[in-house]
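Just so we're clear, the structure is a prediction, and the values are computed from it rather than from any experiment. In each ligand, atom 1 is the first atom listed, and ligand 1 is the first ligand listed. Nothing fancy with the numbering, it's 1 onward along the sequence.
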Amino acid sequence: MLTDPALDVPLELAPDDAPDGPPRAGDAEPRRRRPGLSPSRANDYMQCPLLFRFRVVDRLPEPPSAAAVRGTLVHAVLERLFDAPAGRRTLDAARALLPGTWAAVVADAPECAAVLPDPTDTAAWFDEAGALLERYFTLEDPNRLQPAERELAVSTELEDGFELRGIIDRLDVAPNGAIRVVDYKTGRSPRPGFEGGALFQMRFYALVLSRLRGTVPAMLQLVYLGDGTLLRHVPSAAELETTERRIRSVWAGIRSSAESGTWAPRPGPLCGWCSHQALCPSFGGTPPEIPAGAVEVALGIRPPA
Ligand code: SF4
């Protein structure tokens with residue numbers, strides 16, 4: 001599992017990038033879908049094309065980090081918290097959700113339990129997650145808002161036939177129709193001047209929503225629980241056009257890499273957090289053979305074999 005050391009942002013394969021599911025009974029071959037890209041995978045390619053290949057094409061395993069698994073737990077609690085009616089969304093209620101939500105996380109991904117020194121001793125683990133939830137309540141009062149959507153899967157197809165897809169943590173819609181896009185981060189906020197990476201993901205979602213709903217979201221809001229910071233941004237139509245050009249450029253790069261079989265390493269400060277240094281030519285390693293069907297897998301048309 002990679003973590004951006006500057007932002008403490010887990011860079012794991014996000015749910016929005018999960019392959020399109022295993023073959024179903026009766027399928028003659030693995031299901032196909034439109035070629036497409038999520039913000040996480042676009043970020044991977046921008047960081048390092050070889051890292052994108054290792055993650056998306058080769059699907060090399062990455063051990064889960066405690067930070068990423070804790071983030072998954074806290075995200076799930078914040079999603080469930082809004083099942084309660086306004087007035088009952090308290091910190092105690094959120095903490096009370098931790099054991100059941102953790103059981104669901106582990107049932108879904110048993111490897112997550114391995115981040116605990118003793119999987120049977122969850123007291124300290126819940127204390128850490130509870131501290132993040134406590135910080136959440138210093139930033140927002142969940143009793144004063146009613147999300148229009150939680151964990152909203154969105155997608156839209158661009159004219160040249162590829163799809164932008166992702167999952168938005170929370171969508172708030174005001175009575176006048178104004179949309180606020182909200183994303184929770186359990187790490188720390190970026191240093192001033194380094195917000196661009198985090199805002200790329202939000203602008204990506206804003207672009208998708210503007211196409212789906214015919215209006216540019218009024219607000220993009222990142223909720224950093226690591227240091228108790230709200231990062232808010234009002235997007236413009238012009239910057240979403242810039243974002244679209246950037247996404248098209250990344251997509252063209254991925255297509256070119258996939259079709260040529262050339263996935264160049266791009267060494268940088270984040271290499272220290274890369275799980276695949278042993279296979280990276282920049283560190284004396286040799287990547288495995290490119291698997292069959294790599295082009296379709298890289299373009300998100302089908303899951304790896
Ligand atoms: S070690 Fe660095 S250059 Fe090599 S694959 Fe990982 S991120 Fe890319």
Per-atom contacts, ligand 1 versus [X] - under 4.0 Å to a heavy atom:
{"X": "P265", "answer": "3 (S)"}
{"X": "F283", "answer": "1 (S)"}
{"X": "Q277", "answer": "1 (S)"}
{"X": "P267", "answer": "3 (S)"}

TODO: Report yes or no: does H276 have an N/O/S atom closer than 2.8 Å to atom 8 (Fe) of ligand 1?
DONE: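 No N, O or S atom of H276 is closer than 2.8 Å to atom 8 (Fe) of ligand 1, so no.
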- [ ] Kindly confirm whether atom 4 (Fe) of ligand 1 is within less than 2.8 Å of some N/O/S atom in C280?
- [x]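 Yes, within the cut-off.
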Ignoring hydrogens and geometry beyond distance, is a side-chain donor-acceptor pair present between [X] and [Y] at under 3.5 Å?
{"X": "T229", "Y": "D227", "answer": "yes"}
{"X": "Q221", "Y": "H233", "answer": "no"}
{"X": "T186", "Y": "Y224", "answer": "no"}

Open item on the list: At less than 2.8 Å, would any N/O/S atom of C271, backbone or side chain, sit next to atom 2 (Fe) of ligand 1?
Closed with: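 It does; at least one qualifying atom falls short of 2.8 Å.
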Task: More than 12 heavy atoms of other groups within 6.0 Å of R88 CZ - done: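 Count not over threshold, so no.
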TODO: Could you establish whether R266 and ligand 1 come within less than 4.0 Å of each other, counting only heavy atoms on the residue side?
DONE: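 Yes, R266 has heavy atoms under 4.0 Å from ligand 1.
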Open item on the list: So that I can tick it off, tell me whether E241 and R203 are bridged by a salt bridge, with the cut-off set at under 4.0 angstrom between side-chain N and carboxylate O.
Closed with: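 Not counted as a salt bridge, because no side-chain N and carboxylate O are separated by less than 4.0 Å.
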Open item on the list: Parallel, tilted or perpendicular: which one describes the rings of H75 and Y184, with boundaries at 30° and 60°?
Closed with: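 Correct class here is perpendicular.
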